[in-house]
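Accompanying notes for the structure given below.
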Amino acid sequence: MLQACLNGSLTPAEHSTVPITPRDLAVAAADAVAAGATDLHLHPRDSMGGETLEPAAVADAIIAVTTAVPGTPVGITTGAWTGSPTQRLDWVRHWTTLPDHASVNWHEDGAHQMAELLLERGVEVDVGLWSAAAVTRWLGSPLRDRCSRVLLELPDGPEADQVRGLAEAMLAPLQGSVPVGRVLLHGEGSTAWEALEYAGWAGLQTRVGLEDVLVLPDGSAAADNAALVRVARGVLWQGYP
């Protein structure tokens, strides 16, 4: 599975093609799927371009994207930056249009309650784990076996030759508890391409998109999400050194 993460918290000032409006998201989604993406992750925006889980904004984004790429799974964030724990839970309770899946960062306040509510509403939970400590904490959760996918995220900053060690340190506690097919590994910035290459070699799911990286492996600027997906498809077929 190659997920396209279309926008994240980016603004047009950071990349001219980052999709913000529902119409932008629909176009970017269609182009990314045509380039080889099999799953989508997006951050709905309000009328001012800010990230939100407000029901109308979520519905507009999901309807636009699913109309453009029917049959392709669509997921959204529930990150803490979209509102307080209480506000986010209230918005999710009132969603009128549901995503196929939603990510829940396990280190954030209210993560257990958010995951529980999503599951009650029939939304698959992708648990976001950003550190080995978060992995251990999640493994002790009673919701562990009800989460559909584990998202292991490597930070921007480390050098490429550090990625394998970082990835394996996070994967180690999951062995014997989580099937490889339920793990999505990705990086950000400096770790994005090496993490994607390692994920392909290890048989893990992975993702790419403007949310994670703005350049191609050779350091040149990526034109858009579709360009990143096309290159990623080629990288995934390469062997890992």
Would you name the heavy atoms of [X] and [Y] that are closest together and state the gap between them?
| X | Y | answer |
| --- | --- | --- |
| Ala115 | Val125 | O-CG2, 3.7 Å |
| Ile76 | Pro99 | CG1-CG, 4.1 Å |
| Thr66 | Ile63 | OG1-O, 3.3 Å |
| Val208 | Ala232 | CG1-CB, 3.8 Å |
| Pro44 | Ala57 | CB-O, 4.2 Å |
| Ala195 | Leu154 | CB-CD1, 4.1 Å |

ask   = For Ser190, what residues pass the side chain to side chain donor-acceptor pair (under 3.5 Å) criterion, not counting sequence neighbours?
value = Asp156

message = Just to verify, what does Asp212 make a side chain to side chain donor-acceptor pair (under 3.5 Å) with, not counting sequence neighbours?
response =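 Testing Asp212 for side chain to side chain donor-acceptor pair (under 3.5 Å), a comparison that skips the adjacent residues, returns His186, Arg207.
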
Pairwise distance [atom1]([X]) to [atom2]([Y]) - rounded to 0.5 angstrom:
| X | Y | atom1 | atom2 | result |
| --- | --- | --- | --- | --- |
| Leu118 | Leu98 | CG | CG | 9.0 Å |
| Arg88 | Thr77 | CZ | OG1 | 8.5 Å |
| Glu211 | Leu6 | CD | CG | 9.0 Å |
| Leu185 | Glu197 | CG | CD | 12.0 Å |
| Thr191 | Tyr198 | OG1 | OH | 14.0 Å |
| Gln205 | Asp39 | CD | CG | 8.0 Å |

request  = Could you label the plane-to-plane angle of the His107 and Trp130 rings as parallel, tilted or perpendicular, counting under 30° as parallel and over 60° as perpendicular?
outcome  =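 If you compare the ring of His107 with that of Trp130, the planes turn out tilted.
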
So, [X] side chain and [Y] main chain: donor-acceptor pair closer than 3.5 Å or not?
| X | Y | answer |
| --- | --- | --- |
| Trp95 | Leu53 | yes |
| Glu159 | Asp161 | no |
| Trp91 | Thr52 | no |
| Thr78 | Ser103 | yes |
| Asn7 | Val18 | no |
| Ser220 | Leu216 | no |
| Thr17 | Asn225 | no |
| His112 | Ser141 | no |

inquiry  = For Val104 and Val127: C-alpha separation, side-chain torsions, deciding distance, then whether side-chain contact (heavy atoms from CB on, under 4.5 Å) applies.
reply    = CA-CA 5 Å; Val104 178; Val127 57; 5.6 Å; no

message = Distance alone, cut at 3.5 Å: any donor-acceptor contact between the side chains of Thr11 and Glu14?
response = yes

task = Compute whether any side-chain donor of one residue and acceptor of the other, for His41 and Gln3, lie under 3.5 angstrom apart.
result = no

Are [X] and [Y] joined in one hydrophobic group, where the rule is that I, L, V, M, F, W and Y side chains link up if heavy atoms are under 4.5 Å apart?
| X | Y | result |
| --- | --- | --- |
| Leu166 | Trp138 | yes |
| Val150 | Leu184 | no |
| Trp201 | Val163 | yes |
| Val123 | Leu143 | yes |

inquiry  = According to salt bridge (charged side-chain N to carboxylate O under 4.0 Å, His left out), who are the partners of Glu116, at least two apart in sequence or on a separate chain?
reply    =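 If we apply the salt bridge (charged side-chain N to carboxylate O under 4.0 Å, His left out) test to Glu116, skipping adjacent residues, there are no hits.
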
query = Yes or no on side-chain contact (heavy atoms from CB on, under 4.5 Å) for Leu204 and Leu152, after CA distance, side-chain angles and deciding distance?
reply = CA-CA 10 Å; Leu204 308 174; Leu152 301 182; 6.0 Å; no

Please list every donor-acceptor pair under 3.5 Å in which a side-chain atom of residues 21-38 meets a protein atom from a residue at least two apart or in another chain.
| from | atom 1 | to | atom 2 | distance (Å) |
| --- | --- | --- | --- | --- |
| Thr21 | OG1 | Asp24 | N | 3.0 |
| Thr21 | OG1 | Asp24 | OD1 | 3.4 |
| Thr21 | OG1 | Asp24 | OD2 | 3.1 |
| Asp24 | OD2 | Thr21 | N | 3.4 |
| Thr38 | OG1 | Leu2 | N | 3.2 |
| Thr38 | OG1 | Leu2 | O | 3.4 |

Any side-chain heavy-atom pair of [X] and [Y] under 4.5 Å:
| X | Y | result |
| --- | --- | --- |
| Trp193 | Leu228 | yes |
| Val92 | Val58 | no |
| Leu214 | Leu10 | yes |

task = Evaluate whether atom CD of Glu120 has more than 12 neighbouring non-hydrogen atoms of other residues, nucleotides or ligands under 6.0 angstrom away.
result =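 For Glu120, atom CD is crowded (more than 12 foreign heavy atoms under 6.0 Å).
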
message = Under the criterion side-chain contact (heavy atoms from CB on, under 4.5 Å), I'd like the reasoning laid out for Asn105 against Trp81: C-alpha separation, chi angles, the key distance, then a yes or no.
response = CA-CA 11 Å; Asn105 299 320; Trp81 52 87; 3.6 Å; yes

Under 3.5 Å, sequence neighbours excluded: what are the donor-acceptor pairs made by side chains of residues 172-183?
| from | atom 1 | to | atom 2 | distance (Å) |
| --- | --- | --- | --- | --- |
| Arg182 | NE | Ser148 | O | 3.4 |
| Arg182 | NH2 | Cys147 | O | 2.6 |

message = I need the full list of salt bridge (charged side-chain N to carboxylate O under 4.0 Å, His left out) pairs touching residues 123-145, with sequence neighbours left out, sorted by first then second residue.
response = Asp126-Arg149

